[in-house]
Undergrad: 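Here you go, one structure.
Worth knowing before you read on, the calculation uses all heavy atoms, side chains too, and leaves out hydrogens, waters and symmetry mates. Below, read A as the first sequence line, B as the second, and so on, with proteins coming before strands; counting in each chain starts at 1.
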Number of protein chains: 2
Amino acid sequence: MQRIKEILRSKNLRPTKQRVLIADHLFDGTDKHVTAESLFRELSSNKRDVSLATVYNTLHEFCKKELLNKITLDADKVYFDTNTSLHHHFFSEKDKILLDIKNEDVKISLMPKAPKGKKIKKVELVIHLED
Amino acid sequence: MQRIKEILRSKNLRPTKQRVLIADHLFDGTDKHVTAESLFRELSSNKRDVSLATVYNTLHEFCKKELLNKITLDADKVYFDTNTSLHHHFFSEKDKILLDIKNEDVKISLMPKAPKGKKIKKVELVIHLED
DNA sequence: TCAATAGTTTAGAATTATTCTAAACTGATA
DNA sequence: TATCAGTTTAGAATAATTCTAAACTATTGA
């Protein structure tokens, strides 16, 4: 709990009850892919002490502070990945499931140059799956 | 015009007035990235002979028949790409602009195996840009 | 040629994820 | 501990998309 508060403080985020609850749930050491909706459901299963609006706010704050990675593969389902290290994804549209691909399992040996005036911010490789 | 009708017929799509209008606009030889909204706006600038619902229906039909490629990078803007050949994209979130990357400008020299029971359907490399 | 019909289009309503609003609340600071 | 900027909240608003069911039309085969 103190660990969580430290993480938040180190990012200049006040460790409020809601943020601690959310961070505690997200950063338990296992990699997760959540949506605002799924997270809200999991958190409010017991007590209702976080609103959906706060879940949205918090996920976005965490992304800005690079505690999470936002992944949009499906217009009606935006994923947030607790694994912020360099890696890629498998995506099954049918199952709406995201799977991590370790960075060392992919090698991109030729990369195009960014257009003039732009820099490369992130390289996202998504391998779409089917049955 | 006959060419367009042939394309539609070859995909088992009745060449209705609306589909011909849309296909004629999309498949003029130049690669495009459209959204349902942008396409609707362009088509109905003169006369109003396609409804928005039909634009959505048609874009999805065309995707199913592999005349278009759907690209979702931003939850509130789904793109349809008239270039269905193997290629990748630059994406500027700020400008909401998609740019094609020629397939030969990228080389992926190591690819992970698909999980058991799944096949690789599509490999999508998106290079996110910033200023 | 034309009637039957399966496929298509449509306006407008419904849905759904997300964002907004503005009022209440709270952690941090002095 | 009072202050106040930052945060949370319910509920309304927004916006992209899908749905519905009635009207329309391309195709077919007699």
Side-chain angles (χ1 to χ4, degrees), chain A residues 1-2 4-25 33-44 47-65 67-68 70-80 93 96, chain B residues 1-2 4-25 33-44 47-65 67-68 70-80 93 96:
Chain A
M1 202 88 297
Q2 214 43 49
I4 294 295
K5 290 192 180 176
E6 274 324 305
I7 294 175
L8 294 176
R9 262 192 270 269
S10 75
K11 297 291 183 178
N12 270 311
L13 292 170
R14 282 192 189 169
T16 63
K17 181 161 68 83
Q18 292 84 349
R19 283 177 180 162
V20 169
L21 186 75
I22 291 173
D24 190 50
H25 187 91
H33 301 116
V34 304
T35 65
E37 201 50 61
S38 79
L39 182 57
F40 178 64
R41 240 182 296 116
E42 285 166 27
L43 292 176
S44 55
K47 51 247 164 178
R48 170 163 287 96
D49 34 20
V50 190
S51 71
L52 182 57
T54 297
V55 171
Y56 274 102
N57 288 343
T58 304
L59 287 173
H60 288 141
E61 286 300 325
F62 285 7
C63 275
K64 251 188 237 151
K65 298 301 171 71
L67 291 169
L68 288 177
K70 183 175 168 180
I71 307 168
T72 306
L73 297 168
D74 207 334
D76 57 352
K77 204 154 251 183
V78 176
Y79 299 86
F80 293 87
E93 189 168 353
K96 307 265 179 195
Chain B
M1 203 87 292
Q2 216 43 50
I4 295 294
K5 289 191 181 176
E6 272 326 306
I7 294 174
L8 295 174
R9 261 192 272 268
S10 75
K11 297 290 182 177
N12 271 311
L13 293 169
R14 284 190 189 172
T16 62
K17 181 161 70 79
Q18 292 83 348
R19 282 177 180 163
V20 169
L21 186 74
I22 291 173
D24 189 49
H25 186 91
H33 301 116
V34 303
T35 65
E37 201 50 61
S38 79
L39 183 56
F40 178 64
R41 240 182 296 116
E42 285 166 28
L43 292 175
S44 55
K47 52 244 166 184
R48 168 162 289 95
D49 34 20
V50 190
S51 71
L52 183 57
T54 297
V55 170
Y56 273 101
N57 288 343
T58 304
L59 286 173
H60 289 141
E61 286 299 324
F62 284 8
C63 274
K64 249 189 239 150
K65 298 301 172 70
L67 292 169
L68 287 176
K70 183 175 168 179
I71 307 169
T72 306
L73 297 169
D74 207 336
D76 58 352
K77 204 155 251 183
V78 176
Y79 300 86
F80 294 87
E93 191 168 350
K96 307 263 179 196

Undergrad: Using a cut-off of strictly less than 4.0 Å, decide whether Arg19(A) has a side-chain nitrogen or oxygen near OP1 or OP2 of dT8(D).
TA: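 The answer is yes; a side-chain N or O of Arg19(A) sits under 4.0 Å from OP1 or OP2.
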Undergrad: Whole Å only: how far is the CG atom of Leu8(A) from the C1' atom of dT7(D)?
TA: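 After rounding, the gap between these two atoms is 13 Å.
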Undergrad: Counting side-chain heavy atoms from CB outward, which of dT7(D), dT9(C), dT8(C) is closest to Thr16(A)?
TA: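 It is dT7(D).
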Undergrad: Take the protein atom CD of Glu37(B) and the nucleotide atom C1' of dA15(D), then report the distance between them rounded to whole Å.
TA: 9 Å
Undergrad: Could you tell me whether the side chain of Lys65(B) reaches within less than 4.5 Å of the side chain of Asn12(B), counting heavy atoms only?
TA: yes
Undergrad: Asp74(B) has an atom CG; how far is it from atom P of dT18(C), in whole Å?
TA: 12 Å
Undergrad: What is the distance, to the nearest angstrom, from the CG atom on Asp49(B) to the P atom on dA23(D)?
TA: 21 Å
Undergrad: If I compare all heavy atoms of Val50(B) with all of Phe40(B), which pair ends up nearest, and what's the gap?
TA: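 The answer is O-CE1, 3.2 Å.
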Undergrad: Give the rounded distance in Å between these two atoms: CG of Leu59(A) and C1' of dT7(D).
TA: 15 Å
Undergrad: Please confirm whether the shortest side-chain N or O distance from Arg14(A) to OP1 or OP2 of dT26(C) is below 4.0 Å.
TA: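 Result: no.
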Undergrad: Using a cut-off of less than 4.0 Å, is there contact between a side-chain N or O of Tyr56(B) and OP1 or OP2 of dT18(D)?
TA: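 No, no such contact exists.
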Undergrad: How close or far is atom C1' of dT17(D) from atom CG of Leu52(B), stated in whole angstroms?
TA: 8 Å
Undergrad: Identify the heavy atoms of Thr54(B) and Ile22(B) that sit nearest to each other, and give their distance.
TA: O-CD1, 4.4 Å
Undergrad: dT18(D), OP1 or OP2 - any side-chain N/O from His60(B) closer than 4.0 Å?
TA: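 Yes.
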Undergrad: Give the nucleotide from the list dA28(C), dA26(D), dT9(D) with an atom nearest to the side chain of Ser51(A).
TA: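 Nearest nucleotide to the side chain: dT9(D).
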Undergrad: Would you kindly compare Lys77(B) and Lys17(A) by the position of their nearest DNA chain D nucleotide and give the one closer to the 5′ end?
TA: Lys17(A)
Undergrad: Side-chain contact, heavy-atom cut-off 4.5 Å: Tyr79(A) with Thr35(A)?
TA: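 Heavy-atom side-chain distance check passes, below 4.5 Å.
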Undergrad: Looking at dA28(C), I'd like to know if its phosphate oxygens (OP1 or OP2) sit under 4.0 Å from a side-chain N or O belonging to Arg9(A).
TA: yes
Undergrad: So, OP1 or OP2 of dT9(D): does either fall under 4.0 Å of a side-chain N or O from Gln18(A)?
TA: yes
Undergrad: Roughly how many Å is it from CG in Leu13(B) to C1' in dT9(C), rounded to a whole number?
TA: 14 Å
Undergrad: Check the surroundings of atom NZ in Lys64(A): do more than 12 heavy atoms from other residues, nucleotides or ligands lie under 6.0 Å from it?
TA: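 Not more than 12 within 6.0 Å, no.
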Undergrad: Between Arg41(B) (CZ) and dA16(D) (C1'), how many Å, whole number?
TA: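 So the two atoms are 13 Å apart, to the nearest Å.
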Undergrad: With DNA chain C as reference, determine whether Ala75(B) or Val55(B) sits nearer its 5' end, using the nearest nucleotide of each.
TA: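 Looking at the nearest nucleotide for each, Val55(B) comes out on the 5' side.
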Undergrad: Quick one: label Thr54(A) by what it contacts on the DNA or RNA (base, sugar-phosphate, nothing), any heavy atom closer than 4.0 Å.
TA: base
Undergrad: Which nucleotide, dT27(D), dT10(C), dA10(D), lies nearest any side-chain atom of Ala53(A)?
TA: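 Of the candidates, dA10(D) comes closest.
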